[in-house]
Amino acid sequence: MLELRPSCEHCNAPLPPHSLEARICSFECTFCAHCVDTVLGDVCPNCGGGFAPRPIRPARNWKNGNDLVHHAAGTRVVYKPVDEEAHAAFAAEIRELPPQAR
């Protein structure tokens, strides 16, 4: 089950469980759409993978207790702003590769 981290790792913008702005990589590194598009260039600074919109966990129990009430969103803040110059150098050689080819 996804942790649903509460904020962007780079800018610390809030990303509540219902946010359509949350982006995650396959390791669940969490960033806002703005940072993914303008700072990271769709390259995760932690693993080099790409990002996808984070799914929304239902707020209401529609079936079998699979909702935020029974499975709350994470509260652990991971805030480690990216060194933009170092990331640009890291991402330069892989940015043009689609995430599925990295």
Side-chain angles (χ1 to χ4, degrees):
M1 169 179 7
L2 294 175
E3 185 179 347
L4 301 180
R5 295 178 186 163
S7 60
C8 175
E9 289 185 27
H10 178 66
C11 73
N12 213 28
L15 295 171
H18 61 275
S19 176
L20 298 177
E21 296 300 310
R23 303 290 182 266
I24 59 173
C25 75
S26 66
F27 289 96
E28 212 175 334
C29 301
T30 304
F31 294 88
C32 68
H34 176 77
C35 287
V36 166
D37 295 341
T38 64
V39 177
L40 304 176
D42 196 33
V43 176
C44 179
N46 302 315
C47 71
F51 291 94
R54 182 179 71 191
I56 305 294
R57 184 169 301 150
R60 180 178 164 192
N61 181 14
W62 295 103
K63 186 174 183 182
N64 300 328
N66 293 314
D67 59 83
L68 282 169
V69 173
H70 293 92
H71 302 282
T75 58
R76 180 175 66 98
V77 173
V78 177
Y79 179 57
K80 49 182 182 180
V82 174
D83 176 330
E84 294 182 37
E85 194 172 299
H87 180 69
F90 165 68
E93 63 184 270
I94 61 175
R95 174 177 279 128
E96 298 306 316
L97 292 171
Q100 67 273 19
R102 291 185 197 154

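Just so you know, residue 1 is the first one in the sequence shown, and it goes up from there. We use all heavy atoms of the structure for the numbers below, so side chains are in, but hydrogens, waters and symmetry mates are not.
Summarising the geometry, atom CZ belonging to Phe90 is positioned 7.5 Å from atom SG belonging to Cys44; distances are rounded to the nearest 0.5 Å.
Legend: side-chain hydrogen bond (donor to acceptor under 3.5 Å, both in side chains) pairs involving residues 64-73, not counting sequence neighbours, sorted by first then second residue: Asp67-His70. For residues 42-60, the set of pairs meeting the side-chain hydrogen bond (donor to acceptor under 3.5 Å, both in side chains) definition, not counting sequence neighbours, comprises Glu9-Asn46. Pairs of residues two or more places apart, or lying in two chains, never qualify as side-chain hydrogen bond (donor to acceptor under 3.5 Å, both in side chains) while including a residue from residues 83-102.
The side chain to side chain contact (heavy atoms under 4.5 Å, CB included) test applied to Pro81 returns His10, Tyr79, not counting sequence neighbours. In this view, Glu28 satisfies the salt bridge (Lys or Arg N to Asp or Glu O under 4.0 Å) rule with no residue, not counting sequence neighbours.
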Do any side-chain atoms of residues 13-21 form donor-acceptor pairs under 3.5 angstrom with protein atoms, and if so which ones, sequence neighbours left out?
unit_1	atom_1	unit_2	atom_2	d
Ser19	OG	Glu21	N	3.0

Side-chain donor-acceptor pairs under 3.5 Å in residues 33-41, sequence neighbours left out?
unit_1	atom_1	unit_2	atom_2	d
His34	NE2	Thr38	OG1	3.4
Thr38	OG1	His34	O	2.7

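The heavy-atom pair separating Val69 from Ala59 by the smallest distance is CG2-O, 4.0 Å. Across every non-hydrogen atom of Leu4 and Pro55, the tightest pair is CD2-O, 4.0 Å. The minimum heavy-atom distance between Cys25 and Cys47, with the atom names listed, is SG-SG, 3.9 Å. In terms of heavy atoms, Leu68 sits closest to Ala73 at CD2-N, 3.8 Å.
Counting side-chain heavy-atom gaps under 4.5 Å among Ile, Leu, Val, Met, Phe, Trp and Tyr, Trp62 is found in no cluster with other residues. When hydrophobic side chains of Ile, Leu, Val, Met, Phe, Trp and Tyr are connected at separations under 4.5 Å, Val78 ends up as a singleton with no cluster partners.
Inter-residue side-chain proximity for Arg23 and Pro53 is flagged as met; some heavy-atom pair is nearer than 4.5 Å.
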